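First comes the structure, then the notes that go with it.
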2 protein chains.
Amino acid sequence: MHSSAEENYLKAIYKLQEANGEMVATSALAQVLGIHMASVTDMLKKMSTKKLVAYQKSKGFKLTEKGRLAAIGIIRKHRLWEVFLVDKLGFRWDEVHEIAEQLEHIHSQDLIDKLDAYLDFPKTDPHGDPIPDAKGIFAISKSVLLASLTPGSQGKFTGVTDHSSAFLNYLDKIGLSLGDTIKVKEVEEFDKNYTLLLKGKKSVVVSFKVANSLLISE
Amino acid sequence: MHSSAEENYLKAIYKLQEANGEMVATSALAQVLGIHMASVTDMLKKMSTKKLVAYQKSKGFKLTEKGRLAAIGIIRKHRLWEVFLVDKLGFRWDEVHEIAEQLEHIHSQDLIDKLDAYLDFPKTDPHGDPIPDAKGIFAISKSVLLASLTPGSQGKFTGVTDHSSAFLNYLDKIGLSLGDTIKVKEVEEFDKNYTLLLKGKKSVVVSFKVANSLLISE
DNA sequence: AAGAAAAATTAGGCGAGCCTAATATTATAG
DNA sequence: CTATAATATTAGGCTCGCCTAATTTTTCTT
């Protein structure tokens with residue numbers, strides 16, 4: 001069994017690899033984990049010995065297949081717990097991250113299998129992130145950033161890349177929810193503001209920063 | 001916030017105080033926690049500084065009010081999670097202890113309040129142990145050990161003092177469930193075996209060891 | 001290609017929570 | 001009341017996961 005610290009490293013490395021390609025740098029990991037580089041070097045040597053990461057001195061590192069499966073397992077647990085917290089316990093989508101960060105480290109395969117069944121095998125978490133199945137397979141749903149769409153095109157809002165409470169609350173405030181259909185009405189060249197048309201014909205103007213944090217499918 | 005190790009000490013001390021009166025010995029705690037006495041001495045000095053226990057060198061120790069409330073909070077979480085695991089996820093009553101041992105260390109008051117409400121404010125866990133409310137108050141239910149009853153008397157089976165999987169499975173096997181009415185038909189002087197009459201007129205013979213682990217109310 | 005800047009590693013330390021071994025204290029038996 | 005047994009404490013060590021400071025390696029700038 002892996003320690004919570006190791007699991008946090010695995011998850012962070014997995015996400016960095018997803019975002020930035022193959023090799024991950026010591027500094028990048030130190031930054032996202034909020035710890036010092038020397039600590040990362042320390043830990044990676046240990047995780048390398050355990051064959052969780054392939055580590056090349058001064059060249060960065062990447063997950064081994066063993067490490068990748070472990071990372072996906074943790075992500076699966078995190079997202080399933082988030083679904084539980086929102087769907088069953090009535091938390092808001094901006095409240096669940098921290099609690100799920102703790103729950104994801106509970107060790108019991110049986111527990112997670114039963115939780116999955118209890119939640120009726122959800123495919124995405126409350127933020128639209130895909131939940132891998134028990135075999136570690138993600139139901140593929142190719143989505144693009146709203147910021148990559150051109151005026152006139154539309155799609156369904158299916159996820160966010162910013163999970164901060166501040167951002168999620170902002171979405172609630174402007175009345176944007178997962179599953180809504182969004183049409184890009186206009187992109188202002190000058191300041192890159194996006195004018196969007198929501199389902200109820202409602203029109204909202206959002207910044208590039210926001211448009212770049214919304215995932216659109218279909 | 002307390003560490004998991006501290007929480008385990010608090011819980012163990014609370015239980016020892018419940019069972020054996022006021023002062024708890026270093027050796028007793030070392031035994032139930034499965035660690036060495038020297039480690040207990042170490043930890044208790046720290047917890048004493050934090051005012052969680054009142055510690056008298058070589059005389060034993062007891063929880064302060066602060067420590068008592070913390071301990072009850074952990075027991076509350078443990079038992080609520082056990083209810084969740086059995087009632088919602090479908091675990092058997094002999095499977096939940098270990099998982100609840102992990103879940104009890106999740107830190108979120110909001111979570112436990114919402115879980116309590118979701119479970120409809122249960123008064124007891126799957127083993128019949130009382131669940132303290134949010135204020136730390138136990139709904140009193142004076143129960144006695146079946147082994148203290150005389151032939152002819154009867155009552156309702158409301159709890160166990162042995163939580164081992166082996167014992168709980170045995171109860172399942174002989175068809176004894178929480179809430180059943182039990183009548184003591186006979187107590188064999190020679191070997192202290194108890195002959196019990198269960199609801200469906202079924203009669204079973206159990207050892208003193210078993211009779212001494214069953215809690216009877218009413 | 002050299003010097004500066006950035007990134008990574010090494011060396012030495014620290015607190016938590018455990019350990020063993022040695023010592024001290026308290027309780028018990030004769 | 002003393003000897004022994006049981007209990008408890010101290011002293012010193014260990015691993016984990018982090019730290020700072022110093023040093024080395026790599027990358028960028030010019």
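Protein chains get the first letters and strands the later ones, always in sequence-line order, with residue 1 at the start of each. In this text, all values refer to a predicted model and were calculated from it rather than measured experimentally.
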Between [N] ([atom2]) and [X] ([atom1]): distance, integer Å:
X: B/Gln31; N: D/dT7; atom1: CD; atom2: C1'; answer: 14 Å
X: A/Tyr55; N: C/dA7; atom1: OH; atom2: P; answer: 15 Å
X: A/Lys45; N: D/dC16; atom1: NZ; atom2: P; answer: 14 Å
X: B/Met23; N: C/dT26; atom1: CE; atom2: C1'; answer: 15 Å
X: B/Leu29; N: D/dT9; atom1: CG; atom2: C1'; answer: 15 Å
X: A/Lys50; N: D/dT15; atom1: NZ; atom2: C1'; answer: 11 Å
X: A/Met1; N: D/dC16; atom1: CE; atom2: C1'; answer: 18 Å

Item to check | Ring-ring centroid check B/Phe84 B/Phe91, cutoff 6.0 Å | outcome: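 For B/Phe84 and B/Phe91, the ring centres are not under 6.0 Å apart.
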
Next on the checklist: I want to know whether B/His78 and B/His97 have ring centres closer than 6.0 Å.
Outcome noted: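 Ring centres of B/His97 and B/His78 closer than 6.0 Å.
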
Checklist entry - Is B/Lys66 close to B/Leu52 at the side-chain level, that is, under 4.5 Å between some pair of heavy atoms? => result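 Yes, close enough: below the 4.5 Å cut-off.
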
Checklist entry - Are the side chains of B/Thr150 and B/Val184 in touch, meaning some heavy atoms are under 4.5 Å apart? => result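 When only atoms from C-beta onward are counted, B/Val184 and B/Thr150 do not touch, as no gap falls below 4.5 Å.
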
Under-3.5 Å N/O pairs linking protein and nucleotides 4-6 of chain C:
none

Checklist entry - B/Ser3 has a side chain; which of D/dC18, C/dA8, C/dG17 sits nearest to it? => result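 Looking only at heavy atoms from C-beta outward on B/Ser3, the closest nucleotide is C/dG17.
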
Next on the checklist: Looking only at the side chain of B/Lys46 (C-beta and beyond, no hydrogens), which of the listed nucleotides C/dG17, C/dA7, D/dT9 gets closest?
Outcome noted: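 Given the options C/dG17, C/dA7, D/dT9, the side chain of B/Lys46 is closest to C/dG17.
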
Listed by chain and number, what are the salt bridge (charged side-chain N to carboxylate O under 4.0 Å, His left out) partners of [X], not counting sequence neighbours?
X: B/Glu95; answer: B/Arg92
X: A/Lys50; answer: A/Glu6
X: A/Glu101; answer: A/Lys11

Item to check | Residues A/Tyr9, A/Phe61; criterion ring-ring contact (aromatic ring centres under 6.0 Å, His included); working and verdict | outcome: CA-CA 12 Å; A/Tyr9 274 81; A/Phe61 41 81; 8.9 Å; no

Item to check | Net bend of the helix from C/dA1-D/dT30 to C/dG30-D/dC1, end axes of five pairs each, nearest 10 degrees | outcome: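 The end axes of the helix from C/dA1-D/dT30 to C/dG30-D/dC1 are about 0° apart, to the nearest 10°.
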
Next on the checklist: When you measure from the side-chain N and O atoms of B/Tyr9 to the phosphate of C/dC18, is any distance below 4.0 Å, counting only OP1 and OP2?
Outcome noted: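 Yes, within the criterion.
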
Checklist entry - Does anything in residues 33-44 of chain A reach DNA chain D, meaning a heavy atom under 4.0 Å, and if so which residues? => result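 Result for residues 33-44 of chain A: A/Ile35, A/His36, A/Ala38, A/Ser39, A/Asp42, A/Met43, sorted by number.
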
Electrostatic pair [X]:[Y] at N-O distance under 4.0 angstrom:
X: B/Asp133; Y: B/Lys123; value: no
X: A/Asp110; Y: A/Lys114; value: yes
X: B/Arg68; Y: B/Glu65; value: yes

